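The structure presented is a predicted model; accordingly, all values stated were derived computationally and were not measured. Quick note: numbers below take in every heavy atom, side chains included, and nothing from hydrogens, waters or symmetry partners. Each ligand, and each atom within it, is numbered from 1 in the order the structure gives. Numbering starts at 1 and runs along the sequence shown.
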Amino acid sequence: MSTPRDEARLAVVSRQPRSFDVPRLADGHRAPVSSFFGRHVLDLIKLRERMPRETFNALISTLRHGSPLTKDIAETVASVAKEWAVAHGATHFTHWFQPMTGLTAEKHDSFIDLNVQTMGELRVIEKFSGSQLWQSEPDASSFPSGGMRSTFEARGYTAWDPSSPMFLVESANGRTLCIPSAYISYHGHSLDHKTPLLRSIESISKHSVAFLKLLGDVDVKQVIATLGVEQEYFLVDRTHNALRADLMLSERTLVGAISPRHQQFEDHYFGTIPPRVIAFMEEMEFELYRLGIPVRTRHNEVAPMQFEMAPVFEDVNLGIDHNVLAMDVARRVALRHDFVCLFHEKPFAGINGSGKHCNWSMMTDRGENLLEPGKTPHQNLRFLAFIAVCLKAVHDHAVALRWSVSGANNDLRLGANEAPPAILSVFVGQQLTEVLERMIAGEAAKDPEHFVLESGVAKLPALAKDNTDRNRTSPFAFTGNKFEFRAVGSSANCAVPMSILNAAASTALAEMTARLKKKLDAKPGHRDQCVAELLREVFQETAAVRFEGNGYSEEWKQEAARRGLPNLVDTPAALAAVREPANHRFLVDSGTFSELEVESRFNVAMERYLKQVELEAETLIEVVSTQVIPAGERQLALTGSAVQAMAGLGGNAKAARASDTRLQQIAEALSRVIEGVNELRAALTEAHGTHDEAKVCEALGRKVRPKMDDVRGAADRLEMLVDDALWPLPKYREMLFVK
Ligand code: ADP
Ligand code: MG
């Protein structure tokens, strides 16, 4: 009799790569990407073509200089948006926002309206007003608010973010106009990830401009934080996913023995992309291109069935909207190819997990990358100054940054010899280290211009590039012209770490501006010297956070402790530390969060951690009790009869002993699983023996999770003893080597 697992196996081997309707030229070749890129986006070019010049200019002035958005602009944009969307087959519109669920949210409204015609007859027309574009009012009471809900009204508003363009999302039978929006409570408190991000973007711009003024760049009006995300993910076949409650409910395998073949041959990374997978990627990329998302790279990652995509970088707000949208598209398109796309940080124990490297920099409105060494001594002194800003940001705000990448899932990956450690340090590369050390030694003090010329800073991009991948163990690495924040988890909305990073940089900028001002006042006319003096101080003060060695090593943990760097090993530890006012005050002072909002974020993070670990524990208990133990019992009965049969034959005592040993092994593994589940249940109950949520979190992380590992260890031993035909769960080898 064939089992569901057999059927899944058969289904998977017979699948073929799926083609889709790609746009073609007259000669049958695929149309170039440029011919359909952004087709589903209402971008500025489309708006300019369709709006009166004056109103369009007013919109631009809002976007560039923050002048107030008027009802007039909204009315015109709404009418253009409706025409465009309806002409492209849209029937509905929705404010598209990012509540603290880690997902996006939408509430669709149809464009239809009833219009009274002559003689009182009602007619349906398509309508979309400025106020509908401007804001909508989804009920806030079912979204996480971290306690703000009890203090304030349940009402929440989504408000149009004109800095991220509207786009069309396609479903099987229609299209919906999506309006990127912020989400705020009735009293103006942020309930989402976008609002603090937008505030942090403003803050970093303001403080960079002020700092640049002192450095001599007086005509910079705006500084834009930039972001390019490298998104990792796994694909598993849909049928396998459906047969595993753990994958279905928690996106990770809670049991499952590692297969003899895993990633040891290092043959997956950058290898040939399997045909079914590349077919999926092509269709996903097509959809992303139409949405104006500039995905550029695709490749196999280290683990089998693990892949990566990365776009060309954009401003951080758009980059995040695009990443969130890309994850959504990936999930949807994967299903069409009979895959499930997993963004979980650690879907398979024993093989590499997934991250989301956030490449981040700052760019002036003239298009100069402030982390790119330039051609003149002035540009390079400025470059060093911004390196100092970043070092100071990470040094002073390491706890908040560590917290920003925490979470039940990323805990399974950080510090596990495959991902950056939980200790935040900065890697700058050997060349730059030498320059910084010489500055600290005072070499630049007298003649900064000469120092910068001969220290070779201008040659750094090429040199530093060589360093890029030599240190994959650093959580925050300089890679030639940007920093790469590598500790971010693959499922995260990176608005969280990016808001905190922007706020940390703003705070560093504000302090350095004040200090530089003081020096300039004391020594007018000696700008370069004052800057060099400030940099010397900052490089010295932040020296502890620079680390060039192996971040995975045990010695680094000890060395970091000696340097006084925080090592917050898990989410409960990160949460406890960030709750200390000294560790998060800058978030309020920089205007990124209000006091109440900060508190609410911590509560939401705690709640999410709690729910996630509980969900996993309960899922594990269910899978083990209803699938693993019954399989073990069947095997025990079978082997038990075999042992009796063997004994009945008499004679071969050696064989009888061997088969008895096998029976003992099965019995032992099975009883370990049963005991383990009981202990896990007890640990869960005990964890809830207090009303202090922080204590519950700690118990879940440090008592319940280790018990889960025990259960898993026993279940995985049992898997290796049970008849393959009796094992109900798809095994690692089936899931990880799909061709
Ligand atoms: P590497 O592979 O060495 O990390 P890539 O050029 O592949 O370098 O960059 C990875 C990501 O970094 C891409 O998304 C890229 O667009 C982005 N990136 C490059 N320059 C910047 C920048 N100035 N600011 C933000 N992201 C950047
Ligand atoms: Mg990279």
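Side chains of H357 and E484: a donor on one and an acceptor on the other come within 3.5 Å. There is a side-chain donor-acceptor pair under 3.5 Å between E314 and H322.
Near G228, meaning under 4.0 Å from one of its heavy atoms, ligand 1 places the atoms 14 (O), 25 (C), 26 (N). Near E230, the atoms of ligand 1 lying under 4.0 angstrom from a non-hydrogen atom of the residue are 4 (O), 10 (C). The ligand atoms of ligand 1 that sit less than 4.0 angstrom from a heavy atom of E484 are 4 (O). Within ligand 1, the atoms closer than 4.0 Å to a non-hydrogen atom of V312 are 16 (O), numbered from 1 in the order shown.
For the residues D315, V316, N359, the heavy atom positioned nearest atom 17 (C) of ligand 1 is part of N359. Counting only non-hydrogen atoms, the option in A310, P311, A225 that gets closest to atom 15 (C) of ligand 1 is P311.
For the pair E285 and R298, the salt-bridge criterion is met [side-chain N within less than 4.0 Å of a carboxylate O].
Classified by interplanar angle (parallel below 30°, tilted 30° to 60°, perpendicular above 60°), the ring pair F167/W96 is perpendicular. The aromatic rings of F383 and F478 sit tilted, their planes meeting at an angle between 30° and 60°.
Taking the six-membered ring for Trp, F234 and F343 have ring centres at least 6.0 Å apart. Residues F476 and F483 place their aromatic rings such that the two centres sit under 6.0 Å apart.
Residue F313 has at least one N or O atom closer than 3.5 Å to an N or O atom of ligand 1. Taking any N or O of L227, backbone or side chain, none lies under 3.5 Å from an N or O belonging to ligand 1. Geometrically, ligand 1 and N369 share a nitrogen or oxygen pair separated by less than 3.5 Å.
Distances shorter than 4.0 angstrom do not occur between any heavy atom of T479 and any atom of ligand 1.
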